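See below for the structure under consideration.
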Amino acid sequence: MQQLSSYTRVCLLHYHEIGLKGKNRKKFEAQLSDNLHHALKSFHIEQPKRISGHILVRVHEGSASLELARKAACVPGVARVSLAYECAPTLDDMRFLAVSVLSRVGEFSSFKVHAHKSSSTIAYHTLELNTLIGDALCEAFPNKRVQMKAPDVTVHVTVVNNVVYVYASLERGYHVAGFGARDSFDVDEDAAITQVGIGGLPVGTAGKVMVMLSSGFDSPVACWQVGRRGAICVPIHFSGRPMVADTSEYLTQDIIRALEPYGCVGRLYVCPMGEVQREISLVVPQSLRIICYRRIMFAVAERIAHIEGAKALVTGESLGQVASQTLDNIAVVNEMVTLPVFRPLIGSDKQEIIAQAQRIGTFDVSCQPTPDCCTLFMPKNPETHAKPSMVHAAWDSFDHNAMIDSLVDAIEYVDFSQCISYRAPKEKKDFHATLTA
Ligand code: ATP
Ligand code: MG
């Protein structure tokens with residue numbers, strides 16, 4: 001009598017082929033494999049390896065769990081995760097597993113078998129396998145319909161190097177399972193099923209960016225977006241210390257911990273700028289203060305970006321959302337820097353950003369109100385369409401260069417271990433104080 005528990009369950013990861021052409025392909029796969037190894041280390045997995053267009057994740061002396069599959073689905077570069085049972089290429093094993101897999105997917109009316117073969121000496125043709133395994137399924141599920149086009153369930157039988165992997169993928173599964181699903185993934189613990197992954201590219205394949213991170217809803221989502229595209233993220237946070245409490249510095253660290261599953265953050269820089277803001281507030285007209293604060297923030301961020309070797313700045317700005325995010329004001333702040341500034345949320349509505357924050361897990365932290373440099377010395381009527389000449393006059397009314405130098409000198413940082421590709425800069429290894437986590 002065959003027992004499902006005597007078969008090993010593994011994870012087969014599928015990745016998009018985009019960006020995998022030519023020389024990049026090997027680099028992409030090696031990076032994805034290393035990132036997975038790091039993200040899943042608590043599951044005691046073997047080094048993930050490439051097999052026939054997939055990455056195979058095996059647990060040392062054990063079976064892969066649903067929890068492991070869910071974690072794997074959050075690693076950038078993973079498009080889908082299939083929990084699969086592994087067996088020898090015998091018809092008996094394949095049929096038994098196909099029936100077991102289909103009996104654990106929950107409700108369905110129609111199904112088909114999809115056999116696939118590569119680098120294998122197995123005697124059967126894939127069409128033959130489809131029929132032979134399909135017959136066993138028809139016998140076991142006489143009330144279900146075989147349907148070639150868009151069935152509810154597809155039972156995959158993938159033979160690679162004479163090892164067979166059997167798993168199911170569900171049409172409805174794409175709506176209820178995997179990364180970002182609001183509903184819980186309600187299937188049998190022993191199911192062998194496909195979940196949706198986060199997609200994107202492995203972190204470490206797109207260089208380094210400096211993310212201007214507040215603890216609001218927007219910038220954590222912007223950080224996640226560029227991290228998902230393969231960027232190593234180095235956030236910088238400006239707090240209102242010593243004029244306001246340092247709560248925002250801790251919330252920003254909580255945001256980074258919430259981003260841990262995606263493994264995209266290396267180090268957080270914290271720049272206390274309360275004193276500088278106070279000085280600016282004494283000399284700059286109310287309506288132009290935010291613009292001057294933001295010019296300082298951009299200048300400091302770019303200086304740290306150069307030290308880090310980061311090649312772009314990233315913000316969570318969305319056009320017209322608040323006074324500082326009108327086209328005129330974005331332009332007059334942007335002139336402070338020469339690095340490209342990425343604004344992945346520029347065309348997003350607040351509702352969309354909040355929904356995304358819920359999916360990625362930063363929403364709860366961002367809900368906590370806290371003063372940071374943005375709330376400090378806030379004018380009642382900020383300028384929404386600043387004239388460059390007026391901004392330049394205000395800007396020249398204080399010693400901005402000395403302020404920028406002093407802020408860069410006073411910057412603090414804390415390192416995170418979630419991103420294996422992050423390399424700290426050699427220069428300034430001995431930055432003043434190290435922020436306590
Ligand atoms: P968020 O929800 O990201 O705080 P917001 O709607 O509050 O954005 P602004 O305060 O105008 O908008 O900030 C626009 C962008 O400037 C933020 O998305 C972020 O990239 C950057 N930013 C704002 N405050 C800070 C801060 N205290 N430290 C670092 N960057 C900041
Ligand atoms: Mg904000």
Side-chain angles (χ1 to χ4, degrees), residues 209-227 233-241 243-253 255-256 258-259 265 268-274 276-277 289-305 312-330 332-334 336-337 339 341-358 360 362-363 365-379 382-384 386 407 411-413 435:
V209 296
M210 197 84 206
V211 181
M212 299 180 65
L213 187 70
S214 74
S215 60
F217 291 112
D218 310 333
S219 44
V221 174
C223 180
W224 179 87
Q225 300 242 39
V226 289
C233 298
V234 184
I236 181 166
H237 174 68
F238 295 88
S239 72
R241 180 157 55 101
M243 313 312 276
V244 294
D246 54 5
T247 327
S248 72
E249 300 175 7
Y250 291 95
L251 284 182
T252 330
Q253 294 182 55
I255 296 270
I256 295 171
L259 293 173
V265 176
L268 165 71
Y269 286 96
V270 170
C271 181
M273 67 179 283
V276 159
Q277 284 182 271
R289 276 181 206 162
I290 294 186
I291 290 174
C292 289
Y293 303 154
R294 291 185 67 77
R295 282 168 68 102
I296 295 267
M297 286 159 66
F298 270 59
V300 172
E302 186 172 65
R303 290 269 293 271
I304 304 296
L313 303 183
V314 178
T315 78
E317 287 162 304
S318 142
L319 193 59
Q321 192 191 77
V322 290
S324 63
Q325 295 174 24
T326 63
L327 208 44
D328 288 326
N329 291 1
I330 285 177
V332 80
V333 170
N334 211 105
M336 291 304 300
V337 296
L339 282 179
V341 181
F342 296 157
R343 298 177 173 90
L345 307 181
I346 199 72
S348 302
D349 287 351
K350 197 79 187 181
Q351 289 317 99
E352 291 163 349
I353 296 169
I354 286 179
Q356 187 68 337
Q358 283 170 328
I360 67 175
T362 54
F363 177 82
V365 185
S366 296
C367 278
Q368 300 177 46
T370 179
D372 65 6
C373 69
C374 294
T375 41
L376 190 60
F377 305 115
M378 213 35 186
E383 179 59 64
T384 47
L407 290 174
I411 207 143
E412 301 170 22
Y413 69 84
L435 198 74

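In this text, all values refer to a predicted model and were calculated from it rather than measured experimentally. Order of appearance sets the numbers: ligands from 1, and atoms from 1 within every ligand.
Listed by number with element, the atoms of ligand 1 under 4.0 Å from a non-hydrogen atom of Glu317 are 14 (C), 15 (C), 18 (O). Counting the atoms of ligand 1 from 1 in the order shown, those under 4.0 Å from a heavy atom of Phe238 are 26 (C), 27 (N), 28 (N), 29 (C). For ligand 1 and Gln325, the ligand atoms under 4.0 Å from any heavy atom of the residue are 9 (P), 11 (O), 12 (O), 13 (O), 14 (C). Heavy-atom proximity to Thr315, at under 4.0 Å, picks out these atoms of ligand 1: 20 (O). Close approach of ligand 1 to Ser214 (heavy-atom distance below 4.0 Å) involves ligand atoms 1 (P), 3 (O), 4 (O), 24 (N), 25 (C), 26 (C).
A salt bridge links Glu412 with Arg241: the distance from a Lys NZ or Arg NE/NH1/NH2 to an Asp or Glu carboxylate oxygen falls below 4.0 Å.
For Lys350, the closest heavy-atom approach to ligand 1 falls below 4.0 Å. Put simply, part of Ile236 is less than 4.0 Å from ligand 1, judged by heavy atoms.
Considering CG of Leu345 and OG of Ser219, their distance stands at 8.5 Å, rounded to 0.5 Å.
Among Met212, Arg294, Glu249, Met273, the residue whose heavy atom sits closest to atom 15 (C) of ligand 1 is Arg294.
Between the side chains of Ser248 and Ser239, no donor-acceptor pair is found at a separation under 3.5 Å. Counting only N and O atoms by type, the side chains of Arg294 and Asn334 include no donor and acceptor under 3.5 Å apart.
In this structure Phe342 satisfies the ring-ring contact (aromatic ring centres under 6.0 Å, His included) test with no other residue, sequence neighbours excluded.
Screening residues 209-220 for salt bridge (Lys or Arg N to Asp or Glu O under 4.0 Å), with sequence neighbours left out, gives Asp218-Lys350.
Inter-residue side-chain proximity for Ile346 and Ser318 is flagged as unmet; no heavy-atom pair is nearer than 4.5 Å.
The shortest N or O to N or O distance between Val314 and ligand 1 is not below 3.5 Å.
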